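As the structure is a computational prediction, the values presented were derived from the model and not from experiment.
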Amino acid sequence: MLYHPENIENKWKKIWSDQKVYAVTPDPSKPKYYVLDMFPYPSGAGLHVGHPLGYIASDIVSRYKRLKGFNVLHPMGYDAFGLPAEQYAIQTGVHPAVSTAENIARYRSQLDNIGFSYDWSREVNTSEPSYYKWTQWIFLRLFSHYYDLTEDKAKSLDDLIGIFETSGSHGVSAAHSFEGSFTAEEWKTKSKVEQDKILMNYRLAYRKVGYVNWCEALGTVLANDEVKDGLSERGGFPVEKKAMTQWSLRITAYAERLLTELNDLEWSDALKTMQRNWIGRSEGARVFFGLDGHEDSIEIFTTRPDTIFGSTFMVLAPEHDLVQKITTSEQRSEIEGYIEYVNSRSERERMSEVKEVTGAFTGAYAIHPISKDKIPVWIGEYVLKDYGTGAIMAVPSDDERDDAFAKKFDLPIIPVVDKTDYPGSGKHDKEGKMINSGFLNGMEVKDAIKKMLEYIESHHLGKKEVNYKLRDANFSRQRYWGEPFPIVYDQEGVAHALDNDRLPLTLPDLQNFLPASDGRSPLARAEDWVTETDGFVRETDTMPGFAGSSWYFLRYMDPQNDQAFASQEALDYWKDVDLYIGGTEHAVGHLMYSRFWHKFLYDLGKVPTKEPFLKLINQGMIQGVIEYIYLKKEKENGLSLFVSKDRLEAWGGEESFSKLPVHIDFVEGYGGSKPHLNPKGINHFVQWRPEFVDAVFVGSTGDKMSVSEIETSENFMLYTESEVGKMSKRYYNVVNPDDVVARYGADCFRMYEMFLGPIEQSKPWDTKGIDGVQKFLRKYWSLFYEGDQWLVNRETPTGEEYKILHTTIKKIAEDIERFSLNTSVSAFMVCVNELKRLDCHKFDILEPLVRLLAPFAPFITEELWSALDQKGSVHHATYPELNPDYLVSDTVEYPVCINGKKRDDLAVSKDITQSDLESQVLALESVQKWLEGAQPKKIIIVPNRMINVVV
RNA sequence: GCCGAAGUGGUGGAAUUGGUAGACACGCUGGACUCAAAAUCCAGUGCUAGCAAUAGUGUGCGGGUUCGAGUCCCGCCUUCGGUACCA
């Protein structure tokens with residue numbers, strides 16, 4: 001039989017699915033192992049070759065673990081709510097549910113093509129009402145709970161109300177955003193509306209004012225992603241910050257646990273560091289600065305209370321509540337002009353463009369809490385509303401940004417830390433001796449911080465506090481395609497939870513997906529839906545993408561359950577994810593939110609573990625190569641002009657061109673060294689983009705030619721510009737795995753993706769080496785068959801053959817355990833090359849080799865397994881066992897180095913003594929040559945490793 | 001800007017704990033088979049000099065530690081990911 005992957009793969013795909021080979025149920029007799037992939041957003045471009053990189057790796061591990069005797073949960077599903085489907089609906093009128101279902105069907109067939117061992121009966125889809133019922137349910141639990149800081153866990157709001165009724169706001173230590181305090185009596189006299197307002201500020205899901213990117217011209221809120229340089233990416237309209245009341249999740253309540261419980265996870269240090277930095281814990285002081293002529297005071301947080309004597313001015317975030325109140329009439333127009341400028345700036349720009357300092361003076365003065373000096377209050381974009389308290393005491397002598405600000409606006413600088421004893425110490429290093437600081441003078445920074453904290457607390461100027469950079473998560477989106485909030489508002493605007501038996505609250509059907517007036521979500525257009533219940537109106541915002549993805553791994557455990565998000569039984573068996581594979585782009589967002597939701601559910605006693613993901617591997621991205629052609633910005637004689645990359649200089653250089661991404665299918669030598677459009681490519685291009693049919697092209701010869709002239713010219717080449725970037729529909733560079741599988745087979749595709757390099761590494765897609773893997777599979781097959789002839793015999797293997805097999809068994813197991821799958825593919829190649837060299841066709845070698853390769857190439861091995869006349873599926877077999885006896889050798893081959901550089905080899909018996917070895921080394925001709933008669937300074941022998949002679 | 005990662009032949013990459021740099025492939029060169037092509041097989045292949053033996057040189061750049069550095073330390077450069085409404 002010849003090796004024809006398409007026949008084999010279609011045959012086994014059907015058998016596996018008919019016989020439900022990969023279905024899994026809880027089985028207490030076996031250890032469980034949960035392997036999870038980050039589920040994909042089903043985009044319109046379909047699955048591209050980058051997605052399966054992680055999926056193949058996790059599939060190999062799943063299959064390996066199964067062979068090792070584990071009960072493996074390995075599911076797949078879809079993160080199906082999202083912006084692109086909604087955009088598509090606006091453009092085409094196709095309902096997001098329809099396009100999403102189509103995209104999912106396409107993803108499914110693409111996934112099936114690659115031979116994954118998913119248990120498809122467990123598929124989840126976050127946009128299905130049966131799924132988002134439970135997303136809404138969890139949201140309502142967040143809505144009806146607060147975080148008790150004494151017990152360090154979430155508790156029911158009813159408990160909180162009980163405490164308020166008996167001891168007022170002082171009776172509880174809770175995470176909250178309520179300003180003020182009250183007694184039990186005061187609480188009881190408050191109206192329902194007032195009580196609700198207070199409770200809202202304690203809920204874990206609460207409402208507050210947040211800022212969104214508002215685009216007046218498009219009448220919609222934009223994602224940061226859709227804003228470029230203060231303009232909307234679509235259309236280039238101005239975008240400004242707009243305040244809106246929105247839902248928010250109090251993730252900050254969990255900051256400390258999210259930080260400390262990170263320690264026990266098997267995640268890379270890089271990833272843990274990213275999460276720690278994102279949480280950004282800092283210890284310092286909350287201090288109040290009084291305002292001259294106002295009752296209000298400015299609340300700041302500082303990690304450097306020791307430098308307070310160096311504080312010569314204050315800076316508020318332009319959005320700070322006090323700004324309007326304290327701005328003097330003389331300064332008002334300046335302040336307003338500045339705020340207008342800031343509103344046009346994205347948060348990203350505000351943080352990154354630090355070299356250009358901007359700000360404005362409010363006209364107001366604060367009173368320094370210790371020196372009682374009057375210091376000016378400014379506003380500046382480098383202070384962000386959501387960081388800390390949205391206000392800082394500026395200490396230009398010890399903070400770089402404050403320093404730049406002071407220099408720009410000519411504000412005083414008082415040095416307070418003498419660093420002469422600490423050469424090389426920067427402003428941010430907490431070291432030095434205090435000067436110009438009253439009672440702190442002469443102290444070391446560390447002691448001064450301690451002393452000042454005591455002073456602040458004893459003088460009631462503020463208090464010691466731990467601050468986190470982590471901010472509460474904005475949980476509202478003014479969109480259609482997301483989970484509706486199970487919330488209604490009464491006539492007084494009080495939010496009420498929907499009863500559990502009213503869940504799921506499903507999305508209303510809409511024809512028009514454009515936002516409603518005033519930036520409200522498209523849901524506001526469904527008036528019947530909004531006002532369905534008497535006297536109540538529904539929330540029209542929807543939940544963000546991370547809602548459904550924050551708990552989907554739990555749903556896989558029991559996906560059809562309609563009584564709970566998953567049964568206790570299923571949760572107790574599967575517990576947590578043993579191995580999670582996904583991209584670094586989720587390093588902080590998704591992974592932080594999931595951990596937060598999981599901990600919340602743990603507090604409620606709904607899940608048995610504190611952390612959801614024990615071990616995590618970040619797969620690199622497979623990038624695409626984007627091919628651009630150069631279009632002259634100004635038309636030539638009314639015609640569009642494209643110029644070959646090597647001819648740009650003659651036409652005004654690169655600046656006078658815009659780069660237009662071109663479909664990679666048209667490009668000859670795509671991704672290679674000289675990619676270009678030939679006459680055929682130009683023809684494809686103008687068919688694809690008919691608006692350029694009259695365009696003029698300057699090829700590498702430098703002549704201007706029309707499309708029809710190019711058609712008759714043989715040597716025409718328009719060089720393109722290649723750039724490594726995202727593989728995405730917008731760059732027309734998506735490579736479909738179906739095409740690769742059709743040509744080479746799924747086994748080859750799987751092994752090639754692994755062979756490309758380490759799983760964590762990003763790299764551009766390239767099929768250059770795929771022939772090597774295809775050759776390997778053919779060679780592997782040829783150990784079993786030559787043409788139609790079956791070659792496998794029952795002869796007893798030689799020691800050498802056993803050694804080859806067991807070396808491979810050892811290497812593959814080690815490689816899988818450390819997720820080095822590229823090197824295991826190499827190991828298989830080495831093994832097959834050697835068996836081929838020995839002309840080995842022995843059953844006792846080949847049968848284990850089939851089981852060994854099965855996780856990597858499930859189809860070819862299943863076929864050969866049945867050809868070997870073995871029972872059942874190879875994927876239900878057991879992993880070959882290593883016998884180390886075959887690996888021992890009685891000689892050691894040492895490399896002999898002179899001064900660290902290898903000059904010779906020396907093979908000696910394993911049991912040789914140190915002195916015998918030394919004399920053998922010195923006797924070597926090559927060593928004698930380097931010694932030139934002298935004695936060696938030193939001989940270093942690393943047992944079984946190497947020998948170094950120092951001369 | 002800030003946080004994280006990566007950089008090794010013409011190309012993808014290997015080197016697991018500081019110990020033979022370039023495994024395994026692709027590509028290229030030469031050869032066998034063939035009318036020819038495909039497929040397959042054999043040999044060579046970091047760079048420089050040399051017929052060769054061999055020598056020098058070589059892991060982004062500049063320093064350092066060490067008998068020995070791709071690996072550790074210090075300072076840079078470039079690329080990628082994230083930066084809170086892309087997913």
Please step through side chain to side chain contact (heavy atoms under 4.5 Å, CB included) for the pair A/D386 and A/R471, ending with a clear verdict. CA-CA 7 Å; A/D386 290 327; A/R471 316 198 296 237; 3.3 Å; yes
Taking only N and O in the side chain of [X], is any of them less than 4.0 Å away from OP1 or OP2 of [N]?
X      : N     : answer
A/R477 : B/C85 : yes
A/R348 : B/A84 : yes
A/N277 : B/U83 : no

Rounded to whole angstrom, note down the C1' distance from B/C74 over to B/G22. 28 Å
Closest to the A/E585 side chain, choosing from B/G81, B/A84, B/A55: B/G81
Shortest side-chain distance from A/M829, nucleotide among B/A25, B/G82, B/A84: B/A25
Per-nucleotide protein contact along nucleotides 8-16 of chain B, 5' to 3', at a 4.0 Å heavy-atom cut-off (B base, S sugar-phosphate only, - neither), is ---SBSSSB
Under a 4.0 Å heavy-atom criterion, the protein footprint on nucleotides 64-69 of chain B, written with B, S and -, is ---BS-
CZ of A/R276 versus C1' of B/A5: gap in Å, rounded? 17 Å
Categorize A/E226 for me: base, sugar-phosphate, or nothing, with a 4.0 angstrom heavy-atom threshold over every strand shown. nothing
With a 4.0 Å cut-off on heavy atoms, is A/G589 in touch with a base, just the backbone sugar-phosphate, or nothing at all? nothing
